[in-house]
Amino acid sequence: MTLRILEWRGVLVPEHVRERVLACTDGDRLTVWAQRAVHATDAADLFMDAG
């Protein structure tokens, strides 16, 4: 869903971002990323405070 939100909003999703999102199995983290995707202007905004 995170990737779709970005794509629907017209935000370019580089392959390394796509791979990181698709590889994630942490449901809580995916929820946070989906929430960020609603407002992101750049796909990297998803990971702004991720370690």
Side-chain angles (χ1 to χ4, degrees):
M1 184 55 62
T2 300
L3 296 173
R4 287 188 186 210
I5 293 169
L6 291 171
E7 290 168 357
W8 290 334
R9 296 190 57 245
V11 177
L12 178 65
V13 180
E15 190 60 30
H16 71 278
V17 170
R18 181 176 307 283
E19 290 172 1
R20 183 170 176 182
V21 172
L22 292 174
C24 184
T25 60
D26 181 334
D28 292 335
R29 180 166 294 187
L30 289 168
T31 297
V32 168
W33 289 349
Q35 291 169 341
R36 290 178 182 172
V38 171
H39 302 287
T41 57
D42 184 286
D45 292 346
L46 300 179
F47 316 124
M48 62 186 166
D49 68 307

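All residue numbers refer to positions in the sequence shown, counting from 1. Keep in mind it's a predicted model, so treat the numbers as computed, not measured. The figures that follow rest on heavy atoms only: side chains count, while hydrogens, waters and symmetry mates do not.
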Answer with yes or no whether the hydrophobic clustering places L46 together with I5; edges join I, L, V, M, F, W, Y residues whose side-chain heavy atoms lie under 4.5 Å apart.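 No: no chain of side-chain contacts under 4.5 Å links L46 to I5.
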
When clusters are formed by joining ILVMFWY residues with side-chain heavy atoms under 4.5 Å apart, either directly or through shared neighbours, do V21 and M1 land in the same one?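 No: no chain of side-chain contacts under 4.5 Å links V21 to M1.
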
Those residues that, when tested against [X], pass side chain to side chain contact (heavy atoms under 4.5 Å, CB included) (two or more places apart):
{"X": "L22", "answer": "L3, R18"}
{"X": "D26", "answer": "C24, D28, R29"}
{"X": "E19", "answer": "E15"}

Contact summary for [X] and [Y], nearest pair of heavy atoms:
{"X": "V13", "Y": "E7", "answer": "CG2-CG, 4.3 Å"}
{"X": "L12", "Y": "A43", "answer": "O-CB, 3.5 Å"}
{"X": "H39", "Y": "R9", "answer": "C-NH1, 3.8 Å"}

Check: F47 main-chain N/O paired with R20 side-chain donor or acceptor under 3.5 Å: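 Such a contact is absent between R20 side chain and F47 backbone.
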
Mind running side chain to side chain contact (heavy atoms under 4.5 Å, CB included) on V11 and D42 for me, showing each step along the way? CA-CA 6 Å; V11 177; D42 184 286; 5.5 Å; no

